[in-house]
Trainee: 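Okay, here's the structure, questions in a sec.
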Amino acid sequence: MAWFKKDPSPAAVPAAPAPKAPEEDLALARVLDTLAALMREYGRSAFDLEKLSADATRGECETWAQHLLIGARRPGDQEAREVLPLDRRDFPGVRRFFAERRREEGLYVVRSLSALHQSLWAAIQTLDGVVVGSGDAGDGVHTELKRLQAVAQGGSPEAIRREVFTVVAEIGRLAQQRALQQKAQLEGLRSQVKALGDELEVARQESSLDPLTRLFNRRAFDERVAQAVAMRRLFAQPSTLLMLDLDHFKAVNDQFGHVAGDSVLREVADCLARTFVARSDFVARFGGEEFAVILWDVALARARQAAEKLLAAVRGLSVQHEASRIAITVSLGIAEVSAAESPVSWIERADKALYEAKRQGRDRLMAG
Ligand code: GH3
Ligand code: MG
Ligand code: MG
């Protein structure tokens, strides 16, 4: 007991009954000690509110405790004043402080719970939308979400916590199941696309062929490029594009005539068909005296070897025109399709490499 002491420092607060105090003073001292102890206990269990920290409440409680015990200044009093006698302690102030703080705490808890319920509702609605269309697999989640909905309408935090955990576990199971389904679907798609790639070679339709060379035309080439790009993106399957252009072909036309020029184009086309014999190799006339080869499921290093062979094979061609032998060479640009690349950018890379091969003297290949 310390309400009558002059020294207001907390260290001096510990209570020791004054042996000579009158009986009612002793009783009053016990009441004040208890009240101060309650204030301190309340302060110790304070928690952060939206605009008031737990520390601030704790400090105020301590100040009120000091005020009750020894008549020290009240919270909010600007400067320390003389210690107040017992009859001037601010008991209504203590009551007001306690009542207001408890009301604020109560409102805070109500607001927090209602915010929790609201966010829970939003989450439930979103999840419900996500689960729709999952068939039987989604039934478990659906049931759990219904239960969560029930507790979200004012259930205790503990009940909500339990239901949230169950829903999360159920969703985890569904996600796992979906991932497996997707994997299986992708595998199916992969074999379909592969089969499609093979069939394409077999089904050489007239509409896909270039009339002069009987190679695939530009339209068929564009389709195949798109497929190769998709295979790279979906399954990381490599493919390499060879773009080739006859060297000084204008001079061939000028010197031997357009018909002889056409024969040369056919010879080169046949040479390409002989060189790239795999069912999945795709050879096309890109336009004019330019050709393109797509080596399906072939990476750059192996494509480079094949391209070197082609250069040698074209060099060895012997196209006879009357008494003359027409010498033919080609320049090549090669590029392996990269991840997330568009068809246009793939073709551009091969084309730039071809341009570089021309620039460096022709009858050679460059990789882009
Ligand atoms: P470079 O080595 O730089 O490629 O020189 P180039 O002479 O081959 O290239 P250029 O682009 O100057 O000439 C291409 C020629 O190809 C011009 C065009 O008349 C000819 N050409 C394009 N299509 C055909 C065709 O179907 N038949 C014939 N005979 N010639 C064609
Ligand atoms: Mg050209
Ligand atoms: Mg040319």
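Counting convention: from 1, in listed order, for ligands and their atoms alike.
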Trainee: Among all protein heavy atoms, pick out the one at the shortest distance from atom 20 (C) of ligand 1; state its residue, atom name and that distance to 0.1 Å.
Mentor: N253 ND2, 3.5 Å
Trainee: Is at least one protein non-hydrogen atom found at under 4.0 angstrom from atom 1 (P) of ligand 1?
Mentor: yes
Trainee: Nearest protein heavy atom to atom 11 (O) of ligand 1, by residue and atom, and its distance?
Mentor: E289 OE2, 4.6 Å
Trainee: Please determine whether side-chain contact (heavy atoms from CB on, under 4.5 Å) holds for the pair R285 and R218, giving the CA-CA distance in whole Å, both sets of side-chain angles, and the decisive distance to 0.1 Å.
Mentor: CA-CA 6 Å; R285 186 178 180 199; R218 176 65 194 269; over 6 Å; no
Trainee: If we count only N and O atoms by modelled type, under 3.5 Å, do the side chains of Q227 and E223 hold a donor and an acceptor together?
Mentor: no
Trainee: Taking atom types as modelled and ignoring hydrogens, do the side chains of S338 and E341 form a donor-acceptor contact shorter than 3.5 angstrom?
Mentor: yes
Trainee: For F216, does the six-membered ring have the charged nitrogen or CZ of R224 within the cation-pi criterion, i.e. under 6.0 angstrom from the centroid and within 45° of the normal?
Mentor: no
Trainee: When you measure from atom 5 (O) of ligand 1 to every protein heavy atom, which one gives the shortest distance, and what is it?
Mentor: H248 N, 3.5 Å
Trainee: So, 2.8 Å as the limit: is an N/O/S atom of F249 located closer than that to the Mg ion (ligand 3)?
Mentor: no
Trainee: Of D210, I347, L215, which is the lone residue that meets side chain to side chain contact (heavy atoms under 4.5 Å, CB included) with F286?
Mentor: I347
Trainee: Could you see which bit of D262 sits under 4.0 Å from ligand 1, with heavy atoms only: side chain, backbone, both or neither?
Mentor: both
Trainee: Please indicate whether Q176 has more than 12 foreign heavy atoms, meaning atoms of other residues, nucleotides or ligands, lying under 6.0 Å from its CD.
Mentor: no
Trainee: Indicate, as side chain, backbone, both or neither, the part of R285 found under 4.0 angstrom from ligand 1 when only non-hydrogen atoms are considered.
Mentor: side chain
Trainee: In the protein, which heavy atom is nearest to atom 22 (C) of ligand 1, and how far is it?
Mentor: G288 CA, 3.7 Å
Trainee: Relative to W346, does R232 satisfy both conditions: NZ or CZ under 6.0 angstrom from the six-membered ring centre, and within 45 degrees of the ring's axis?
Mentor: no
Trainee: By atom name, which N, O or S atom of E290 is the nearest to the Mg ion (ligand 2)?
Mentor: OE2
Trainee: F221 and side chain to side chain contact (heavy atoms under 4.5 Å, CB included): which partner among V293, L241, V283?
Mentor: L241
Trainee: Could you identify the single nearest non-hydrogen protein atom to atom 12 (O) of ligand 1 and state the distance to 0.1 Å?
Mentor: K250 CD, 3.9 Å
Trainee: Would one find an N or O of L265, backbone or side chain, under 3.5 Å from an N or O of ligand 1?
Mentor: no
Trainee: Within a reach of under 6.0 Å around CZ of R147, are more than 12 heavy atoms found that belong to other residues, nucleotides or ligands?
Mentor: no
Trainee: Within the stated cut-off of 2.8 Å, is an N/O/S atom of D247 closer than that to the Mg ion (ligand 3)?
Mentor: no
Trainee: List every atom of ligand 1 that sits less than 4.0 Å from any heavy atom of D245, numbering the atoms from 1 in the order shown and giving each element.
Mentor: 4 (O)
Trainee: Atoms of ligand 1 less than 4.0 Å from R362 heavy atoms?
Mentor: 1 (P), 2 (O), 3 (O)
Trainee: Which of the atoms in ligand 1, numbered in the order shown and given with their element, are less than 4.0 Å from a heavy-atom of H258?
Mentor: 27 (N), 28 (C), 29 (N), 30 (N)
Trainee: With distance as the sole criterion, is a donor-acceptor pair present between the side chains of R219 and S208 under 3.5 Å?
Mentor: yes
Trainee: Tell me, please, if E289 has any N/O/S atom, main chain or side chain, under 2.8 Å from the Mg ion (ligand 3)?
Mentor: yes
Trainee: Short list, please: which atoms of ligand 1 are under 4.0 Å from a heavy atom of K358?
Mentor: 1 (P), 2 (O), 3 (O), 4 (O)
Trainee: Is there a polar contact, in the sense of an N or O pair closer than 3.5 Å, between L212 and ligand 1?
Mentor: no
Trainee: Hydrogens and angles aside, do S331 and D247 bring a side-chain donor and acceptor to less than 3.5 Å of each other?
Mentor: yes
Trainee: What protein heavy atom lies closest to atom 6 (P) of ligand 1? Include the residue and the distance to one decimal.
Mentor: F249 N, 3.4 Å
Trainee: Determine yes or no for a side-chain-to-main-chain donor-acceptor pair under 3.5 angstrom, with H321 supplying the side chain and A260 the backbone.
Mentor: no
Trainee: Just checking, any donor-acceptor pair under 3.5 angstrom between side chains of E356 and Q360?
Mentor: yes
Trainee: Considering only heavy atoms of G261, which atoms of ligand 1 have at least one such atom less than 4.0 Å away?
Mentor: 29 (N)
Trainee: Which angle, to 10 degrees, forms at the Mg ion (ligand 3) with OD1 of D245 on one side and O of L246 on the other?
Mentor: 80°
